[in-house]
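Note on naming: letters A, B, ... go to the chains in the order of the sequence lines (proteins, then strands), and numbering restarts at 1 for each one.
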Amino acid sequence: MTERELSVQDVRHIAKLSRLAPDDATVEAMRSTLSSILGHIAKLSTIDVAGAEPMAHPLSITNRLDADVPGPTLSIDLVLLNAPAKVDRFLAVPKVLDEGGA
Amino acid sequence: MNTQTHACDGLAAIAQSVRSGAVTATARVEACLTRIEARGAELHAFNEVLASDARAAAARVDAAIQRGENPGSLAGVILAIKDNIATTIGHTTCSSRFLENYRSPFDATVIGRLQSQGAIVIGKTNLDEFAMGSSTENSAFGATRNPWDSSRVPGGSSGGSAAAVSASFCDAALGSDTGGSIRQPASLCGCVGFKPTYGRVSRYGLVAFGSSLDQIGPFARDVRGCAELFEAMAGRDPLDSTTADLEVPDCLTQLDEPLRGLRVGIPREYRSEANAPSVARVLEDAISAYQSLGATIVDVELPLTDIGISTYYVIAPAEASSNLARFDGIRYGKRAEMSAGDGLEELYAKSRSEGFGPEVQRRIMLGTYVLSSGYYDAYYNRALQVRRQIREEFDHAFTKCDVLLGPTSPIPAFEIGGKSDPWAMYLCDVYTVNTNIAGIPGISLNAGFAQEGGATLPIGMQLQAPAFSEALLLRAARMLEIARPPCYPA
């Protein structure tokens with residue numbers, strides 16, 4: 001982990017991965033604040049972590065399997081109440097496939 | 001400000017007065033609505049006051065009592081719910097433009113459990129957008145203000161719930177705590193806020209922020225009220241596979257009995273020079289209070305206290321960047337206007353950029369960065385290794401003491417707009433984030449006051465205990481509450 005200033009290109013790349021579309025002013029503001037935050041976070045490199053098992057979760061749990069029995073579900077009408085765009089019983093989205101696409 | 005000392009008789013006393021007919025649930029709802037009418041606009045604790053739903057629920061409770069039925073252990077108790085907990089009544093906005101019009105088609109498990117005991121929801125409370133913040137200033141709908149001094153923040157992210165309880169807009173409230181979001185606002189508003197052990201309370205219906213850190217918990221005006229809400233909503237939930245399959249302990253029967261031989265650990269790092277003088281004074285006063293109650297004070301060390309913020313600001317944004325990927329403008333929430341030639345990618349990016357505020361976008365990008373190829377090991381994996389060490393440090397401390405005592409926040413409530421640098425804001429949570437990182441329970445309760453700029457500001461103390469030892473933690477907190485009875489704005 002090395003302390004370094006993010007570039008405008010770095011921020012645009014992170015934004016693309018984040019599915020965000022910041023304008024130029026936002027990119028510059030993000031570059032400055034994210035660089036500053038990463039500078040503080042770099043203190044993690046001062047900790048000796050040799051032998052420490054990464055801990056992704058506080059509980060020692062294993063996956064629990066339920067019996068495969070259908071239960072009550074929300075109705076399609078109820079679920080579609082919040083849809084920003086729909087056609088009949090379906091969510092409407094922009095075209096995903098090109099003409100002739102499979 | 002005029003204040004009055006609080007009797008600390010919990011919520012069961014309210015329910016008993018409703019069941020006995022001494023007061024109706026309807027009259028209690030009207031009294032809360034009157035208080036909200038008087039100070040609601042000033043404090044902006046609520047995103048939405050659900051007056052007609054609350055009146056209807058109260059009428060159902062009163063009708064059940066008229067029929068000779070028992071509406072439950074929380075009959076007529078009036079609750080405010082943080083607006084990131086799903087309710088079929090009203091909206092569930094997370095204080096985000098993205099979900100401004102979202103109505104949940106289902107109730108969170110905790111809502112169903114509390115309503116089944118006769119509790120009444122009076123409104124949805126303001127928060128930092130998606131629970132990301134420590135002041136409730138990050139709400140897309142405007143900041144909440146502190147009931148003790150409305151020029152100051154209530155803390156956050158559950159600032160609306162804390163303010164609503166302290167201003168007597170409700171009897172109790174629910175919040176969520178990912179890095180201190182229940183305990184810190186409880187401290188700044190002078191009420192009691194309790195984060196249970198990770199896995200003790202179902203997260204089903206809580207809009208996810210950091211899934212290995214998030215926990216729902218109660219706010220109340222006394223420890224007993226928190227214990228009562230905790231017992232009513234805790235326990236395994238088939239709809240949340242991370243709920244622990246453990247019996248919920250009886251936290252109430254012995255709550256008022258002081259613990260004999262209690263060992264109270266004081267981490268050296270919690271007596272930091274970064275603490276405001278008033279906070280340092282209240283800590284020493286709380287230590288004296290425990291000593292006078294016969295507790296043994298034990299000096300302990302938690303050297304990784306300060307690195308907690310860096311650890312947290314890798315893990316929590318990493319989890320958030322993944323969790324918030326669901327907000328894509330397809331199934332619910334904000335969908336941006338499209339331009340000619342825009343496809344799905346543009347729809348996602350435009351909808352998210354228009355729907356999320358600056359702090360949420362900052363955390364999504366930070367989390368995306370620390371998880372990205374080339375940086376994962378240096379940031380995320382390393383933070384998980386430090387997380388293990390923080391947990392082991394707590395485990396070691398708890399071999400020497402039963403509970404840990406320290407300040408909840410290094411400073412009392414600060415002025416609105418007083419912290420513009422994100423890292424300065426993040427440091428408000430230095431004493432609370434490691435509780436979530438380790439997954440242990442923590443509680444904040446008022447233990448004194450500061451005088452600042454002509455205002456009286458409450459100062460909370462935090463107690464932490466080993467995982468799943470909530471009964472011990474609540475009893476230890478009750479001891480301090482008996483020694484330092486709370487008071488609230490009249």
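Interface check for chain A: of the options B:Gly439, B:Ala438, B:Ser353, the most heavy-atom pairs under 4.5 Å are formed by B:Ser353. Considering only heavy-atom pairs separated by less than 4.5 Å from chain B, the leading option among A:Ser36, A:Pro54, A:Ala85 is A:Pro54. With chain A as the partner, the residue from B:Ile364, B:Ile437, B:Asn436 showing the most heavy-atom pairs under 4.5 Å is B:Ile364. Ranked by heavy-atom pairs under 4.5 Å with chain B, the first of A:Leu80, A:Ile37, A:Val93, A:Asp23 is A:Ile37. Counting heavy-atom pairs under 4.5 Å between each of A:Thr46, A:Thr26, A:Leu17 and chain B puts A:Leu17 at the top. Interface check for chain A: of the options B:Pro422, B:Gly199, B:Ser212, the most heavy-atom pairs under 4.5 Å are formed by B:Ser212.
Heavy atoms closer than 4.5 Å to chain B are found nowhere in A:Leu81, neither backbone nor side chain. For A:Leu34, the part sitting under 4.5 Å from any heavy atom of chain B is the side chain, from C-beta outward, and nothing else. Contacts between A:Ile47 and chain B at a heavy-atom distance below 4.5 Å involve backbone atoms as well as side-chain atoms. Contact annotation for A:Asp48: only backbone heavy atoms (N, CA, C, O) come within less than 4.5 Å of a heavy atom of chain B. Of the atoms belonging to B:Ser321, not a single heavy atom falls under 4.5 Å from chain A. Contacts between B:Arg331 and chain A at a heavy-atom distance below 4.5 Å involve backbone atoms as well as side-chain atoms. For B:Leu366, the parts lying near chain A are the backbone and the side chain together; criterion is any non-hydrogen pair under 4.5 Å. Interface remark: B:Asn101 contributes backbone atoms only to the contact with chain A (heavy atom separation under 4.5 Å). Using a 4.5 Å cut-off between heavy atoms, B:Thr242 contacts chain A through both its backbone and its side chain. Residue B:Phe327 does not touch chain A at all, counting heavy-atom pairs closer than 4.5 Å. When heavy atoms are compared at a cutoff of 4.5 Å, B:Gln389 approaches chain A solely by way of its side chain, counted from C-beta outward.
Neither side chain, A:His40 nor B:Tyr313, offers a donor N or O lying under 3.5 Å from an acceptor on the other.
No side-chain heavy atom of A:Pro84 sits under 4.5 Å from any side-chain heavy atom of B:Lys334. In this structure, B:Pro105 and A:Asn82 have side chains that are in contact, with non-hydrogen atoms separated by less than 4.5 Å. Here the side chains of A:Leu38 and B:Tyr379 are in contact, with some heavy-atom distance below 4.5 Å.
Note that the NE2 atom of A:His13 and the OH atom of B:Tyr369 stand 10.0 Å from one another [nearest 0.5 Å]. In this structure, NZ on A:Lys95 lies 13.5 Å from CG on B:Asp342, to the nearest 0.5 angstrom. One distance of note links CZ of A:Arg19 with OG1 of B:Thr368; it measures 9.5 Å at 0.5 Å rounding. If you take CZ on B:Arg388 and CE on A:Met55, they are separated by 6.0 Å, rounding to the nearest 0.5 Å. Expressed to the nearest 0.5 Å, how far CD of A:Glu53 lies from CZ of B:Arg391 amounts to 14.5 Å. The line from CZ of B:Arg382 to CD1 of A:Ile41 is 13.5 Å long, rounded to the nearest 0.5 Å.
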Legend entry - Pair A:Val79-B:Tyr332, side chain to side chain contact (heavy atoms under 4.5 Å, CB included): steps then yes or no: CA-CA 9 Å; A:Val79 170; B:Tyr332 46 77; over 6 Å; no

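Around atom NZ of A:Lys16, no more than 12 heavy atoms belonging to other residues, nucleotides or ligands sit under 6.0 Å away.
With hydrogens and angles ignored, the 3.5 Å screen pairs a side-chain donor or acceptor of B:Gln385 with a backbone N or O of A:Ala52. Distance alone, capped at 3.5 Å, places no donor-acceptor pair between the B:Arg352 side chain and the A:Leu20 backbone.
Across all non-hydrogen atoms, the minimal contact from B:Arg387 to A:Pro58 is NH2-CD, 3.5 Å. Among all heavy-atom pairs drawn from B:Met338 and A:Pro94, the shortest one is CE-CG, 3.7 Å.
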